[in-house]
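All values derive from a computational prediction rather than experimental measurement.
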Amino acid sequence: MTQRSLSNWLKGTIAGIAACGAAVYFGFVPYFGNGVAEAYPEFAYCFWPWLAMLWISAVPCFLALYFGWRIAAEIGKDRSFSMENAVYLKKISVLALVDSGYFFIANVVFLLLGMNHPGILLSSLFVEFAGVAIAVAAAVLSHLVQKAAKMQMEQELTI
């Protein structure tokens, strides 16, 4: 597989993830949330705060996809191990940590305001753990790509 075809596959996958994410965040969640609000009018006041919280949590996810696209573009230029990719991976790591922290804090605040159930808070811990796992994996990859880029630069300087 060439670098160019690998880059195209990565870009296609990222575009598919972005489309699925947009469908979930802006289609399914409002549709099913509205259905819950209509079925249980006593929880209708929770619809907009939860929807706003979820939409805000989508911002770091789509930013991470943007940085993933930039990494795929660098791979297409045959620059897999570059300092730019290390920086992009580090940004993805930070975004995943920020999103996981935000999601946890928002769930706790909603629980304290009576807009959340303890079971939902506990089950959301799996989502937060996945975000932390992505952050750790991206940080490790960033470190490894940075080391490989340094080794590649040193190799290019030797005769």
What pairs meet the salt bridge (charged side-chain N to carboxylate O under 4.0 Å, His left out) rule with one or both residues in residues 126-152, with sequence neighbours excluded?
->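 Listed by first then second residue: nothing to list.
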Residue pairs passing the ring-ring contact (aromatic ring centres under 6.0 Å, His included) test with at least one member in residues 130-156, sequence neighbours excluded, are none
Quick check: does any side chain N or O of [X] sit under 3.5 Å from a backbone N or O of [Y], one acting as donor and the other as acceptor?
{"X": "Ser57", "Y": "Phe103", "answer": "no"}
{"X": "Asn107", "Y": "Ile120", "answer": "no"}
{"X": "Ser123", "Y": "Gly119", "answer": "yes"}
{"X": "Ser100", "Y": "Leu97", "answer": "no"}
{"X": "Trp50", "Y": "Met115", "answer": "yes"}

Should [X] and [Y] count as side-chain neighbours, where that means a heavy-atom distance under 4.5 Å?
{"X": "Val108", "Y": "Ile105", "value": "no"}
{"X": "Phe104", "Y": "Leu125", "value": "yes"}
{"X": "Leu144", "Y": "Val140", "value": "yes"}

Is the number of heavy atoms from other residues, nucleotides or ligands under 6.0 Å of Phe81 CZ greater than 12?
-> no
Check [X] against [Y] and note the closest heavy-atom contact, atom names and distance.
{"X": "Pro30", "Y": "Trp55", "value": "CG-CZ2, 4.2 Å"}
{"X": "Ser142", "Y": "Leu89", "value": "CB-CB, 3.6 Å"}
{"X": "Ala135", "Y": "Ser93", "value": "O-OG, 2.9 Å"}
{"X": "Ser82", "Y": "Val145", "value": "O-CG1, 3.5 Å"}
{"X": "Cys61", "Y": "Asp99", "value": "SG-OD2, 3.4 Å"}
{"X": "Leu111", "Y": "His117", "value": "CD1-C, 3.9 Å"}

Test item: side-chain donor near acceptor, Ser80 and Gln3, under 3.5 Å = yes
Geometric class of the Phe26/Phe62 ring pair [parallel <30°, tilted 30-60°, perpendicular >60°] | parallel
Please walk me through it: do Ile71 and Ile92 pass side-chain contact (heavy atoms from CB on, under 4.5 Å)?
-> CA-CA 11 Å; Ile71 291 170; Ile92 290 171; 4.1 Å; yes
Show the numbers, then the answer: is there a side-chain contact (heavy atoms from CB on, under 4.5 Å) between Leu10 and Ser7?
-> CA-CA 5 Å; Leu10 286 172; Ser7 173; 5.7 Å; no
What's the verdict on side-chain contact (heavy atoms from CB on, under 4.5 Å) for Leu95 and Phe67, showing C-alpha distance, side-chain angles and the deciding distance?
-> CA-CA 10 Å; Leu95 285 169; Phe67 290 126; 3.8 Å; yes
All pairs passing side-chain hydrogen bond (donor to acceptor under 3.5 Å, both in side chains) where residues 8-25 contributes a residue, at least two apart =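 Checked against side-chain hydrogen bond (donor to acceptor under 3.5 Å, both in side chains) - neighbours excluded - no pair reaches residues 8-25.
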